[in-house]
Amino acid sequence: MARLLLKNFGPIKSGFSSESGDDFMNISKVTIFVGNQGSGKSTVAKVFSTLTWLEKALNRGDEDISKFHFARLEVLFDYQRIKNYFKPDTIIEYIGDRYTITCKGNADDPTLNIKLNDSKPYSVPQIMYVPAERNFLTVIERANDVKHLPSPLFDFAQEFSNAQRSFAKKNVPLPINNVSYRYEDSIDASFLVGEDYEVNLLEASSGFQSVTPLFIVSKFLTEELNRVTTDPRQKLNVNQAVRFSDEFSKVAFDQDLNIQERDKIMKDIIAKYLNVCFVNIVEEPEQNLFPSSQWEILKQLLEFNNSREMNQLVITTHSPYIINYLSLVIQGNHLANAISKKKANTLFDKLYNIVPMGALVRPEDLAIYQFNDTNGTIELLPDFEGIPSDSNYLNKKLQEGNEIFDALLEIEEELSS
């Protein structure tokens, strides 16, 4: 799992710091960013996404480490529209399993260093950035024909199209309201199918228009990854496929290698190109959803994430319900361990009817970071025996609402006295 240090970049100022003096954020198996608009949640998610992609590109040779320079890094950051966030005192450091990437300054005086980490195992990721603007794809007819979409939305639209074709003519159950999704490829139209109705997704509620592409793409990429294959070329572009074939052929016909050496090198080449885990970076999964529906989509995203050990789920959110529901999956994991120790196996069914086994999260696999929009700082939300603290920014805002209502009641009492 990666570690990330970010200072003086866009809305982030001093960034994260801990009592131990470690200024690196640990991007855990499940990582949540909460905070006000403009506090830097999406900024950090976009930096993580970009540098995770760069690490993958360096590993398989899409980017040449000897020729990589700051101007090229700016191009990658421009994909996420954060190119202009660099400042003279910017510090970015990404420590991945394969590479460490350090960047300081801006275009006027940049320093960029990339080094290969020694003997660390590296799991090649399928990376998906799910933008908040995803419902554009389900509210506009023939949205894929629209030009000049933001790059993350364009790439997400491509994966949504791939997922639609994969599930064409099938009723795919959605995690909300016993509704299924069906795509008719012959007319390029999406439908929601209930027990006694069918409606075009273009005419559906905003919640369904937002959650459907998120769920369908996440399900598609999870199932694609879990489909056993030893040939990565199906997911490569032309240049990557040609390079893979050249590397493979060179080894296959090298007469100086014995069988064991040849097999090992071939396996290493395949491993360099073959995705083995899913990094799902989701902006606002709660978008336009009722609280109970937020719970249902969160459980499903966690199940997708738990399908492989090295998968990661990164979420930006404004929803206090998301934080509270994460407490449930942590507590569920605690109870599952307790049931197992006491061999009270009859309680498993009762537990899993409340929290599905596949959605349970170990406390050490969860990190919740709070972003302060006033001073540009980031802090790790404390926990009690692994349960996220109730004293978080989102709950505090709910409390402020109650305090405002109390103040209004005081005025009403004064009027009646």
Quiz item: Hey, do the aromatic rings of Phe9 and Phe86 have their centres closer than 6.0 Å?
Solution: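 They qualify: ring centres under 6.0 Å apart.
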
Quiz item: Between Tyr369 and Phe16, is the ring centre distance below 6.0 Å?
Solution: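 Yes; Phe16 has its ring centre under 6.0 Å from that of Tyr369.
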
Can you confirm whether [X] sits close enough to [Y] that some side-chain heavy atom of one is under 4.5 Å from a side-chain heavy atom of the other?
X	Y	result
Val130	Asn280	yes
Asp97	Asn117	no
Tyr99	Leu51	no
Trp295	Val329	yes
Tyr181	Lys219	no
Thr317	Glu284	no
Val276	Arg308	yes
Glu184	Lys169	yes

With no hydrogens and no angle check, just 3.5 Å: does a side-chain donor-acceptor pair link [X] and [Y]?
X	Y	result
Gln164	Ser190	yes
Asn113	Thr102	no
Gln294	Tyr325	no

Quiz item: Taking atom CG of Asn178 as the centre, does the number of heavy atoms from other residues, nucleotides or ligands within less than 6.0 Å exceed 12?
Solution: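 At most 12 heavy atoms, drawn from other residues, nucleotides or ligands, come within 6.0 Å of this atom.
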
Exercise. Answer yes or no: are there more than 12 heavy-atom neighbours, outside Glu309 itself, under 6.0 Å from its atom CD?
Key: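 No - once you tally the heavy atoms of other residues, nucleotides and ligands closer than 6.0 Å, there are 12 at most.
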
Exercise. Answer yes when Arg165 and Asp185 have at least one side-chain N-carboxylate O distance shorter than 4.0 Å, and no when they do not.
Key: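 No.
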
Compile the donor-acceptor pairs under 3.5 Å between side chains in residues 296-303 and protein atoms, sequence neighbours left out, one pair per line.
residue	atom	partner	partner atom	Å
Glu296	OE1	Lys299	NZ	3.3
Glu296	OE2	Lys299	NZ	3.3

Quiz item: Parallel, tilted or perpendicular for Phe167 and Phe220, by the 30°/60° rule?
Solution: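 Aromatic pair Phe167/Phe220 classed perpendicular.
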
Quiz item: Relative to each other, are the rings of Phe33 and Phe371 parallel, tilted or perpendicular (30° and 60° limits)?
Solution: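 Perpendicular, since the angle between the ring planes exceeds 60°.
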
Quiz prompt | Straight-line distance of Gln37 CD to His318 NE2, nearest 0.5 Å | solution =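 Here the rounded value is 4.0 Å.
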
Quiz prompt | Spacing of Leu335 atom CG and Ile330 atom CD1 [to the nearest 0.5 Å] | solution =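 Nearest 0.5 Å value for the CG-CD1 distance: 11.5 Å.
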
Taking all non-hydrogen atoms of both residues into account, name the closest pair between [X] and [Y] and its distance.
X	Y	value
Thr377	Ser14	CG2-OG, 3.2 Å
Leu225	Asn311	CD2-OD1, 4.0 Å
Lys29	Asn306	CE-OD1, 3.5 Å

